[in-house]
Each structure stands twice: as C-alpha cells, then as structure tokens.
Amino acid sequence: MDLDAPRLPDAPHPVSDVLRERAESGSSPGERRDPHRVALVIEGGGMRGVVSAGMTAALERLGLTRCFDLVVGASAGAFNGAALIAGVARHGAATYSGPLASRSFVNPARVLRGRPVIDVEYALNYASTDLDAARHERVLDNPIALHCVAVSVETAQPVDLSGMRTRRELWDVLLASSRTPWAGGPPVEIAGGRYIDGGLGSAIPVAEALAAGATHVLALQTRPHGVPRKSVSRIADRLIERQLQRLNPALVTLYRERLAWYERVVDDIARRSLHPDAGPPHVLGLRPPAGTPVVGQLERRSALLAAAAADAERLVEQRLRLGIGPRPAATG
C-alpha cells in the first residue's frame, strides 16, 4: 500500500466533502443548492485508460455521477468521461479487456500502411447490448458538460473543446483529443482548425477544468505513484518530432517539454490532495499505489487489462466510500 496516497475516510478533503453532501441530498446537475462547480478530470494514455475507466465504473456504481457538473478528459480520458455521462462506464471499462484488446483496435503494424496504430473510429462505432449506440446522444442531452482537451496545430497550445450539439461534432472532438502524432494519422479538422492529441499538452487537464469555472476537482490518474512519464523510444521521438516540425515547429517544443510539465501537474495534484487547506480551488487526485503494474499504451493482454480495471475500481471504492449510493453485490 502506498502510504503517501491520501486516505480519504481518515482525512476529509473539501472535494470528498462536497461529493458526500451532494450524494446525501440527492443533488443533480442543473438543480444545485450549493454554489460549487465540481469537475471530474480524467487522464487517459491509450490502453492505460483502462485504469481511469475502472475508476469511473466505481463512481457510477457508487451513484456519484450526478454529483459532477462537468467532466474534463484528454484522449482515452475523454472517452471514459463520455461513457460515464452516458451511464455506461462499467460496460465501457469492460471493453478494454474485450473488443478493444484486439488487432481491430490496436495494431502497430498498421503504421506501415499509413493507418492509425489505434483505430479510434472502431471504438466510436462499436455497439453491443451493453454498450448501445444511443450512448452518444445521451452524452449530448445530459446536463453534465463534457469537455475534451486537444492541442491546436496552429497555436501549439491545449484547447478545451465543448458544447457539442450533434453526434458528428462529438465524434470529431473525441477523435481530435485522441489523435496521436505520427502513429495516429493526420490532424483532425474542426471548424477550420486542426487538432491533435490532448495528452501532448495537458494529459491531466486540471487547468482546463479550473478555467471552466471548477471550484472542486476530482482527478483520476492512470500512472501509479512513483512512475514518471517517459518517452516510448528515441526512434519514436524522432519520427514524432519530424511530423510535428512539418505541422508547426512550436509543437516540437511542446512535445519536448511535455514530460516536465506533466510532473509539475502531478506534484501540484499531490500537494493539494495531501493538504486540504491548499485551496480554493480544491483538487483531489486518485491514482494507483506504488508497485501497481503499469499498463502500456498498446497493451492487448485481456487478463492484465481486466485486472487493472478491477484494481482501479476497488481503489476508488476504498478511498471514496462516502456511506451513500449502491454497493457492489456480495460475492463468495
């Protein structure tokens, strides 16, 4: 167990306090009786998004979805946020070890043919009895606002994309937020602008949540304590930087600075989590404990992915058990 991680039941935090109060009072988005604006921030990371997917499944199971006013995610975090808003977080988490753990979704060999390594359109089009096609419309109709972070090719800065009105607009924004450079294909065009992977500039978009007016932020992180963000390889760095240079040289600078920026955000979340009086605004981060296996961005082993989702779900239930909402059925 990671002793440095905040233990919520033993150490009250303004974020968990507001969630508890809203859950107990039956507060719903659009009908609040408090002055707070509570955001859920979700980190992605390709197939490592299974971790935050498991976390959102726990929030859904605990009946906490309605306690949030906005959900902010980048890349796979944006997809997981959409699943939570649509009411299919548990089924969305299960797809990582099911249909997404396949060559149809993850296939490095596709890059040799100039196609995306991760086929995000496959995930958007996927539908089943549990993950129905109407989930996209429920995201659009829900009063909980979805904010997807992407990076603008023209400005080389993170951009908060929200206010989607149609399924096509929603899909374009999700595609833009997850369009990794080089291995993901060309930038996604939206309203005359071009966009690429939001994780490049804001992998844990706390800043975007605060800019959208959040007073309280619950941040779901996918890297375990003590595991820094690293480059895949020098060869991959060169290939990615070559493409970014052609798009906008400023993107190369953003790419090279991303690791240091990421650690600064992680450190700030940790400080605010361990010191409840650090706000307002108040930020509480949840992340796997030290020693937890790290899920790779292109992981396809179903058993490993299923275990990661289950561990993440248990983590949130243990750290954020507020004494309300439905509980998992007993097993044994």
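Basis for what follows: all heavy atoms, side chains included, without hydrogens, waters or symmetry-related copies. Residues take their numbers from the sequence shown, with the count starting at 1.
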Indicate whether the side chain of [X] and that of [Y] have a donor and an acceptor atom separated by less than 3.5 Å.
X	Y	result
Tyr255	Asp237	yes
Ser52	Asn80	yes
Arg37	Thr215	no

Subject >> Note: Asp132-Arg135 ion pair, threshold 4.0 Å (strictly below) >> reply: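 A salt bridge is absent here (no side-chain N lies under 4.0 Å from a carboxylate O).
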Subject >> Residues Glu313 and Arg61 bridged, charged N to O under 4.0 Å >> reply: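 Counted as a salt bridge, because a side-chain N and a carboxylate O are separated by less than 4.0 Å.
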Nearest-0.5 Å distance, [atom1] of residue [X] to [atom2] of residue [Y]:
X	Y	atom1	atom2	result
His136	Ile85	NE2	CD1	13.0 Å
Arg319	Met55	CZ	CE	9.0 Å
Arg167	Leu174	CZ	CG	11.5 Å

**OP:** Using the side chain to side chain contact (heavy atoms under 4.5 Å, CB included) rule, pick out the option among Ile196, Thr253, Leu239 that qualifies with Leu244.
**Re:**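 Looking at Ile196, Thr253, Leu239, the match for Leu244 under the side chain to side chain contact (heavy atoms under 4.5 Å, CB included) is Ile196.
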Which atom names give the shortest non-hydrogen contact between [X] and [Y], and what distance separates them?
X	Y	answer
Arg258	Ser231	NH2-OG, 2.9 Å
Arg32	Ser27	NH1-OG, 2.8 Å
Leu64	Leu19	CD2-O, 4.5 Å
Gln297	Ile118	O-CD1, 4.0 Å
Pro293	Pro224	O-CG, 4.4 Å

**OP:** Please state whether the rings of His282 and His216 are parallel, tilted or perpendicular, taking 30° and 60° as the class boundaries.
**Re:**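 Answer is tilted, since the angle falls between 30° and 60°.
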**OP:** May I ask you to check whether over 12 heavy atoms, not counting those of Arg234, lie within 6.0 Å of atom CZ?
**Re:**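 At most 12 heavy atoms, drawn from other residues, nucleotides or ligands, come within 6.0 Å of this atom.
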**OP:** Could you note down all residue pairs passing side-chain hydrogen bond (donor to acceptor under 3.5 Å, both in side chains) where residues 259-272 supplies at least one of them, sequence neighbours left out?
**Re:**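 Listed once each, the pairs are Glu43-Tyr262, Arg223-Tyr262, Asp268-Arg271, Asp268-Arg272.
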Original post:
Would Ser162 and Leu146 count as a side-chain contact (heavy atoms from CB on, under 4.5 Å) if you check the C-alpha gap in whole Å, the side-chain angles of each, and the deciding distance to 0.1 Å?
Top reply: CA-CA 6 Å; Ser162 61; Leu146 177 64; over 6 Å; no
